[in-house]
Amino acid sequence: MTRPKITAETLRAMKGQGQKIAALTAYDFPMTRLLDEVGVPLILVGDSLGMVVLGYPDTTQVTMAEMEHHVRAAARAKPRALLVADMPYDSYETVTSARENARRLVAAGAEAVKAEGGRSILEQARAIIAAGIPFCGHLGMLPQSVREEGGYHVKGKSEEEHRALVGDAEALVQAGAFAIVLELITPPVAKELTQRIPIPTIGIGAGPDCDGQILVTPDLLGMLPWYNLKHVKPRLNAAEQMRAVVKEWKQNVETLKAE
Ligand code: KIV
């Protein structure tokens with residue numbers, strides 16, 4: 001029996017039923033297919049691909065063409081999961097560019113889009129939703145602003161940041177967002193937001209009380225030993241295992257004798 005396709009509505013219903021949402025990123029066909037086979041309900045083609053696939057120092061250099069390329073690859077897996085694509089840096093500066101670029105990502109195979117910001121991008125979020133595209137918000141530490149912010153800092157520590165987060169989350173709900181990613185937000189503030197709003201919060205480095213959690217899959221698998229992240233403890237040492245297998249195979253090849 002084939003199980004029904006996951007939609008934005010399914011994720012909202014999961015919050016209603018107190019069912020936690022385990023979300024992960026994927027950037028290509030095999031990873032999307034593997035995550036989908038395990039039943040991950042939300043797969044994000046994140047602009048984190050800039051760092052974990054393309055070797056950029058942060059997400060600000062990722063282009064629409066790169067996002068489309070990876071969304072197409074992921075979409076070929078035809079996941080049951082909701083396939084969400086990040087809107088890259090500079091792709092939603094205006095209402096028109098936001099709507100057009102969201103449509104391009106959908107044409108590439110995305111079923112929903114995510115963009116960073118709250119009230120500052122509300123008109124863009126409304127235009128995307130009015131175009132019939134499910135929209136996921138992203139609050140807290142906004143990786144596309146890392147240069148202006150001078151690093152990845154936890155948000156919600158001051159009363160001003162706390163109030164701003166509440167205002168932004170409520171505005172995104174009013175605009176019609178179906179979920180909000182909360183990145184690097186103090187756990188008590190993430191908990192409060194989760195209790196206040198009717199749509200799912202998906203946390204990353206925001207404590208255990210969000211409606212769901214999301215991780216960058218290569219971080220979870222220990223594929224990137226060059227970074228030391230506080231919010232994720234790799235569950236596998238994939239980099240070490242790959243090195244060992246390749247080393248052994250290389251030695252075998254090098255010691256092969258001609259018959
Ligand atoms: O780009 C990404 O992978 C993300 C997650 C960290 C939520 O936005």
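Remember, it's 1-based here, ligands and their atoms both numbered in the order they're listed.
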**Student:** What are the atom names and distances for all N or O pairs under 3.5 Å between ligand 1 and the protein?
**Tutor:**
| unit_1 | atom_1 | unit_2 | atom_2 | d |
| --- | --- | --- | --- | --- |
| ligand 1 | 1 (O) | Asp47 | N | 3.2 |
| ligand 1 | 1 (O) | Asp47 | OD1 | 3.0 |
| ligand 1 | 1 (O) | Ser48 | N | 3.0 |
| ligand 1 | 1 (O) | Ser48 | OG | 3.3 |
| ligand 1 | 1 (O) | Asp86 | OD2 | 3.0 |
| ligand 1 | 3 (O) | Ser48 | OG | 2.5 |
| ligand 1 | 8 (O) | Asp86 | OD2 | 3.4 |
| ligand 1 | 8 (O) | Lys114 | NZ | 2.8 |

**Student:** Take Leu215 and His231, measure what side chain to side chain contact (heavy atoms under 4.5 Å, CB included) needs, and give me the verdict at the end.
**Tutor:** CA-CA 9 Å; Leu215 284 179; His231 67 271; 4.1 Å; yes

**Student:** Which residues satisfy the side-chain hydrogen bond (donor to acceptor under 3.5 Å, both in side chains) test with Glu161, sequence neighbours excluded?
**Tutor:**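 In terms of side-chain hydrogen bond (donor to acceptor under 3.5 Å, both in side chains), with neighbours along the sequence ignored, Glu161 is linked to no residue.
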
**Student:** Check this for me, if you would: do Glu160 and Arg163 make a salt bridge, where the nitrogen-to-carboxylate-oxygen distance has to be below 4.0 angstrom?
**Tutor:**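 Between Arg163 and Glu160 there is no salt bridge, as every charged N stays at least 4.0 Å from the carboxylate O atoms.
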
**Student:** For residues Lys15 and Thr194, report the shortest heavy-atom separation together with the two atoms involved.
**Tutor:**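 Here Lys15 and Thr194 meet closest at NZ-O, 2.8 Å.
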
**Student:** Are any non-hydrogen side-chain atoms of Met31 and Leu221 less than 4.5 angstrom apart?
**Tutor:**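 Met31 vs Leu221: side chains touch.
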
**Student:** Tell me, with the steps shown, if Leu172 and Leu139 meet side chain to side chain contact (heavy atoms under 4.5 Å, CB included).
**Tutor:** CA-CA 10 Å; Leu172 286 171; Leu139 297 176; 4.0 Å; yes

